[in-house]
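Numbered from 1 within each chain, the chains take letters A, B, ... in sequence-line order.
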There are 2 protein chains.
Amino acid sequence: MASIKDVAAAAGVSVATVSRVLNAHPSVSADARARVLAAVEALEYRPNAVARSLRTDQTHTLGLVISDVLNPYFTELARAVEEEARALGYSVIIGNADERPDLQDHHVRNLLDRRIDGLLVSPTDGGSPLMLDAVRAGTPMVFVDRWIPGVDVPVVRSDGSAAVRDLVAHLCRLGHRRLAIIAGPAATTTGSERVEAFRAALAEHGIPLPDAYIGQGDFQAASGRRVTEGFLDLPEPPEVVFAADNLMALGALDAVRARGLRVPEDLALAAFDDIPWFVHTDPPVTAIAQPTGELGRAAVRALVDRIEGRTPASVTLAARLVVRRSCGEAGRPAVPAPMALEEPAAQSPSPVQRSTSVQRSAS
Amino acid sequence: MASIKDVAAAAGVSVATVSRVLNAHPSVSADARARVLAAVEALEYRPNAVARSLRTDQTHTLGLVISDVLNPYFTELARAVEEEARALGYSVIIGNADERPDLQDHHVRNLLDRRIDGLLVSPTDGGSPLMLDAVRAGTPMVFVDRWIPGVDVPVVRSDGSAAVRDLVAHLCRLGHRRLAIIAGPAATTTGSERVEAFRAALAEHGIPLPDAYIGQGDFQAASGRRVTEGFLDLPEPPEVVFAADNLMALGALDAVRARGLRVPEDLALAAFDDIPWFVHTDPPVTAIAQPTGELGRAAVRALVDRIEGRTPASVTLAARLVVRRSCGEAGRPAVPAPMALEEPAAQSPSPVQRSTSVQRSAS
DNA sequence: AAGACGCATGGAATCGATTACATCCGTGAC
DNA sequence: GTCACGGATGTAATCGATTCCATGCGTCTT
């Protein structure tokens, strides 16, 4: 593969001049520039990004460490991240932590070794020493979706508490009083926050959230199934299960079916995270939709700001309730303003309308 | 960030000795080794992968260019690829081509600039000059899922023709005679092959495949919907639609629902590519399941073989029909051996059993 | 006409590793 | 006692770029 030396030789100039042409330095004669460009063309020369990175100490690469690629929510996030990064001249290396702190550390270490310019993380846990060290060492970092409390890193996330309140109101209106939740790992912010938002919303309606109605899941489908089976075995099973992510909702659906029961007649179901497939399940699932793409893009912008010397603020976007049929038919009149009622086959392939008005707040 | 020089200084040895310790070169005294390791520990030194790559001309990185990350089939493939690569000491950089040749080229170029050790590609088209040049220049490459005819690159794929035959037999047994297909882009091998397999299987039953029953899709949900609407508008609409991938099947499902029709009563549906969600749709979708994870792993092994100087052969694994309810209930007795009848909620989160006997062939 | 200035250019240092080669030293063979 | 050999180590070249600095030359000022 041709190097800058070959180009210089072919063009009859020094490597310095070739480099100047390539980097659009003004001090190059038109003649030299033309000869260099001709040589570049002839040799099909492409600068070696590895060498360039060594010299400039910039890789123009972002690392993205997510908790689970197989989760459609994170897939969509990753896609948005890559798009925005590409638009800003960066590439992205994705690390899939599979909800495992050890794998997360593996990827963080690997990415740091590769001298990525910045790191986008959706932490699986409360923060490994490695990651804390990286922050302390000044690695540009931004948390997305989940974060680690007490660490001074901008967070780009969505706030679901209003949507959870809407959800609980919706459920109450349908007459449900025994509401349970399948929580995520307590070590993650999304794991604990969603439970608290749910509890607070229930309290507004004077409904308690007994411990028996809080199931401990791990954001994977199998745990959703296991927890739901536990709920169904209770002397007084809940009427509704709210899963803190889409995969656990899937597991809950499995559990209900495996017992020959029906959603929503025997057990109603709602989920955090909306995904295109929820329109097509039997029944379509009522869910809280995050502005996933916008989160990914905002996270990249914040990270690139940080890399390029500016000081980004945290971003919080609002999530939104999307009512479908998995909690029962809303026989009663209209649903209040913030909700969207949706015909199953109304839109495709991206059936969920995104909230157009988003709320931003610095933290 | 500490460099090898800092370590050398701290340990009181030369950088050469540090490098020897790090690379397990035998000619290092126990004493020197201990001092170096202590210094490494104290400084939290990590070798700079960029510098190392420049010198050794190896990045220990594979590039994976896939057609669409949002397609669960490719997501699963990507995950398997990353896992196997990690096991073999490589990292993976994923490029999402979004079924766009220009984006595919962008990623290939980017990956080559970064001097990845090898490239795994699922081409969106018949082969851009860039990719052909890369092959000619000797870049280790392996095609996965799709390939480019006439290019001398190992192919790791699955052969669906037997499964398509099983599917057609299944459909005939249910009494269907008017069968249509939503094809993928003709420029892709999977686009054209699946149509041909379908046509051949139909021929065995004496059923023609008229042009009106071949819809041109692009592997995206919207096209599946559009094509299905076209089918439904026909004076004599088909009784069954076979979508050449899972997203187009989703689009077809939308189209049917949007008209207030039902699957399978009004139109039966089958898909190529099985995904976990097909168990939960209404109705569960009959699909042809590829051994996706195994494909990804085999592809990585082939590529690493090639990188490390061995000469890998192509690999072809068999796909398998998974019967669910979207083509009608099999009121008739048992289905033949190669098919698996599956209870919707039987397994989760990975409801599709993988074929254990695979067939390999060199090409 | 001489000095100052600025543009175009090349030489060489540099980034952080690996590795060929030279050197030094101790041990064993004869 | 001398020589050969091999193990441990350091010096320096190298990978392919970028960039500082010096140089040469043309032009403008005074």
Q. Any Lys/Arg nitrogen of A:Asp113 or A:Arg109 sitting under 4.0 Å from an Asp/Glu carboxylate oxygen of the other?
A. no

(Q) For the residue pair B:Arg114 / A:Thr61, report whether a side-chain donor-acceptor contact shorter than 3.5 Å exists. (A) yes

Q. In chain order, what residues pass the side-chain hydrogen bond (donor to acceptor under 3.5 Å, both in side chains) check against B:Ser67, with sequence neighbours excluded?
A. B:Ser122, B:Arg146

Q) So which pairs with a foot in residues 44-71 of chain B pass ring-ring contact (aromatic ring centres under 6.0 Å, His included), sequence neighbours left out? A) B:His60-B:Tyr90

Q | Footprint string (nucleotides 12-22 of chain C, 5' to 3'): B base within contact, S backbone only, - free, heavy atoms under 4.0 Å | A | -BBBBBBBB--

Q. Roughly how many Å is it from CD in A:Gln58 to C1' in D:dT18, rounded to a whole number?
A. 11 Å

What donor-acceptor contacts under 3.5 angstrom involve side-chain atoms of residues 1-13 of chain A, with partners at least two apart or in another chain?
{"from": "A:Ser3", "atom 1": "OG", "to": "A:Lys5", "atom 2": "N", "distance (Å)": "3.1"}
{"from": "A:Asp6", "atom 1": "OD2", "to": "A:Ser3", "atom 2": "N", "distance (Å)": "2.7"}

Atom pairs and distances, donor-acceptor, side-chain atoms in residues 147-157 of chain B, under 3.5 Å, two or more places apart:
{"from": "B:Arg157", "atom 1": "NH1", "to": "B:Glu193", "atom 2": "OE1", "distance (Å)": "3.4"}
{"from": "B:Arg157", "atom 1": "NH1", "to": "B:Glu193", "atom 2": "OE2", "distance (Å)": "3.3"}

(Q) Under 4.0 Å, counting only non-hydrogen atoms across every strand here, what does A:Ser29 touch: a base, just sugar-phosphate, or nothing? (A) sugar-phosphate

Q.
Using whole Å, what does the distance between atom C1' of nucleotide D:dT14 and atom CG of B:Asp57 come to?
A. 12 Å

Q) Bend angle of the helix from C:dA1-D:dT30 to C:dC30-D:dG1 from five-pair axes at both ends, rounded to 10°? A) 50°

Q) Among A:Val21, A:Val28, A:Asp31, which residue meets the side-chain contact (heavy atoms from CB on, under 4.5 Å) test with A:Val36? A) A:Val21

Q: Verify side-chain contact (heavy atoms from CB on, under 4.5 Å) between A:Gln104 and A:Met131, making sure each step is shown before the conclusion.
A: CA-CA 9 Å; A:Gln104 171 179 275; A:Met131 208 141 62; 3.7 Å; yes

